[in-house]
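What follows is one structure encoded as structure tokens, with my remarks underneath.
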Amino acid sequence: MGAFVTLSTSAAAILLVIRGGLCVDIIGGNEVAPHSRPFMALISDKNGLVCGGALIKENWVLTAAHCNMKRGKVTLGVHSRSAKEKEKQVFQILKEIRHPCYCSSSNENDIMLLQLRKRAKLNKAVQVIPLPTSGDDPKPGTICTVTGWGRTQNGVRKLSDTLREVNITVINRHICNDDKHYKNDPVITDNMICAGAKEGGKDSCYGDSGGPLRCNNVIRGITSFGKPNGCGARDGPGIYTRLTKQSLQWIRKTIGGAE
């Protein structure tokens with residue numbers, strides 16, 4: 001997975017040299033019913049860079065800090081990226097606000113808030129996802145869901161045209177840090193969630209970065225990064241920024257103090 005931002009051919013050469021600077025798509029998942037995930041936001045720019053996000057207020061989207069979308073746009077109500085769907089609402093980005101403690105080298109606090117220039121019109125295809133009331137840490141073995149428009153196959157640059165998702169399982173951080181997985185490079189901290197499949201084959205991938213990780217239908221994380229040697233690798237489960245009590249306080253303070 002590698003910090004998941006979808007790449008065009010021209011952008012790939014630049015981003016691949018940035019540690020943790022790649023994006024993710026859904027490996028081993030399925031297409032969802034059209035507009036059944038109305039909180040999903042498609043973030044894109046003119047260079048072909050793509051990330052996911054979640055609408056948490058009519059004019060605020062939660063995504064990953066490594067999703068650098070200068071002059072980008074946010075589209076809500078998307079199922080197919082290419083189709084002219086009447087449900088789509090397109091917004092320019094007014095502000096990009098990264099978590100003040102974001103560290104690109106360690107991937108700590110990989111959180112960003114996007115303030116939209118206008119408020120979304122809420123309807124069946126566009127809805128706000130509630131923030132969790134607590135920063136609970138999902139226990140190992142918990143089944144969670146990740147959603148996005150990223151790649152569905154390793155070695156194929158093409159992203160999914162339609163929204164897909166896959167169920168993955170939370171893995172103990174000690175396992176993710178051992179010699180068979182990340183080898184503490186980078187360290188998977190308490191501010192992160194490690195999740196995938198024991199035998200591999202289920203994962204987020206390039207193009208899924210910034211999308212929400214939901215556990216028991218509650219957003220608990222943000223798609224952040226993975227191993228650069230391929231999505232769905234047995235030794236490289238996906239890593240998600242955990243929404244801790246502290247990060248939730250920062251989010252609420254930021255979106256509550258701005259209109």
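Please read these numbers as outputs of a predicted model, since none were measured by experiment. Numbers for residues simply follow the sequence, beginning at 1. Reckoned from all heavy atoms, side chains included, excluding hydrogens, waters and symmetry mates.
Remark: E108 pairs with T189, N191 by the side-chain hydrogen bond (donor to acceptor under 3.5 Å, both in side chains) rule, at least two apart or across chains. Residues meeting the salt bridge (Lys or Arg N to Asp or Glu O under 4.0 Å) test with E96, sequence neighbours left out: R98. The side-chain contact (heavy atoms from CB on, under 4.5 Å) search around V126 returns L55, L76, Q89, A120, L122, N123, not counting sequence neighbours. With sequence neighbours excluded, the residues satisfying side-chain hydrogen bond (donor to acceptor under 3.5 Å, both in side chains) with D178 are H181. Shown here are the side-chain contact (heavy atoms from CB on, under 4.5 Å) partners of T133, two or more places apart in sequence or in another chain: there are none. With sequence neighbours excluded, no residue forms a side-chain hydrogen bond (donor to acceptor under 3.5 Å, both in side chains) with H99. T169 pairs by the side-chain hydrogen bond (donor to acceptor under 3.5 Å, both in side chains) definition with nothing, not counting sequence neighbours.
Residues I43 and V50 are not in side-chain contact: their nearest non-hydrogen atoms beyond the backbone lie 4.5 Å or more apart. Taking the side chain as every heavy atom from C-beta outward, Y102 and H66 approach each other to under 4.5 Å. Between K88 and T75 there is a side-chain heavy-atom pair separated by less than 4.5 Å. S106 is not listed as a side-chain neighbour of V187, based on a closest heavy-atom distance of 4.5 Å or more.
With hydrogens and angles ignored, the 3.5 Å screen pairs a side-chain donor or acceptor of R242 with a backbone N or O of D190. Between the side chain of T223 and the backbone N or O of G211 there is at least one donor-acceptor pair closer than 3.5 Å. Formation of a donor-acceptor pair under 3.5 Å by the T63 side chain with backbone atoms of G52 is found in this model. The main-chain N or O of P237 is found under 3.5 Å from a side-chain atom of Y182 such that the two form a donor-acceptor pair.
Of the residues listed (N59, V74, L62, L94), the one engaging L114 in a side chain to side chain contact (heavy atoms under 4.5 Å, CB included) is V74, and it is the only one. For the side chain to side chain contact (heavy atoms under 4.5 Å, CB included) with F91, the qualifying choice from K73, K118, R119 is K118, the only one to do so.
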Which donor-acceptor pairs under 3.5 Å do side chains of residues 136-144 form with protein atoms, sequence neighbours excluded?
unit_1	atom_1	unit_2	atom_2	d
D136	OD1	S134	OG	2.9
D136	OD2	S134	OG	3.1
D137	OD1	R173	NH2	2.8
D137	OD2	R173	NH1	2.9
D137	OD2	R173	NH2	3.0
T142	OG1	K139	N	3.4
T142	OG1	K139	O	2.6

Go through it in stages, so that I can follow the logic: the residues are T241 and F225, the test is side-chain contact (heavy atoms from CB on, under 4.5 Å), and I'd like the CA-CA distance, side-chain angles, deciding distance and then a yes or no. CA-CA 9 Å; T241 301; F225 71 96; over 6 Å; no
Verdict with supporting geometry, E31 and E165, side-chain contact (heavy atoms from CB on, under 4.5 Å): CA-CA 6 Å; E31 181 179 346; E165 72 180 17; over 6 Å; no
Before giving the answer on side-chain contact (heavy atoms from CB on, under 4.5 Å), spell out for T147 and L163 the whole-Å C-alpha distance, their side-chain angles and the decisive distance to 0.1 Å. CA-CA 7 Å; T147 312; L163 186 62; 3.5 Å; yes
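Between the side chains of E87 and H79, no donor-acceptor pair of N or O atoms lies under 3.5 Å. Under 3.5 Å, the side chains of N107 and S224 contain no donor-acceptor pair of N or O atoms.
Taken to the nearest 0.5 Å, the CH2 atom of W250 stands 11.0 Å off from the OG1 atom of T244. The distance from the CD1 atom of I56 to the OG1 atom of T254 is 9.0 Å, given to the nearest 0.5 Å. The distance from atom CD1 of I188 to atom CG of N177, rounded to the nearest 0.5 Å, is 5.5 Å. We find the SG-CG distance between C101 and D110 to be 13.0 Å, quoted to the nearest 0.5 Å. Atom CD1 of I193 sits about 9.5 Å away from atom CD1 of I222, to the nearest 0.5 Å. Atom CD of Q115 is separated from atom NZ of K57 by 9.0 Å, given to the nearest 0.5 angstrom.
Side-chain contacts under 4.5 Å among hydrophobic residues (ILVMFWY), followed directly or transitively, place I171 together with I175.
Listed by first and then second residue, the salt bridge (charged side-chain N to carboxylate O under 4.0 Å, His left out) pairs that reach into residues 124-135 come to none, sequence neighbours excluded. Sorted by first and then second residue, the pairs that involve residues 162-197 and meet disulfide (SG to SG under 2.5 Å), not counting sequence neighbours, are C176-C194.
Across all non-hydrogen atoms, the minimal contact from P212 to I219 is CB-CD1, 3.6 Å. Nearest heavy-atom pair, V78 versus W149, reported as atom, atom and distance to 0.1 Å: O-CZ2, 3.6 Å.
There is no path of hydrophobic side-chain contacts, each under 4.5 Å, that joins V218 to L131.
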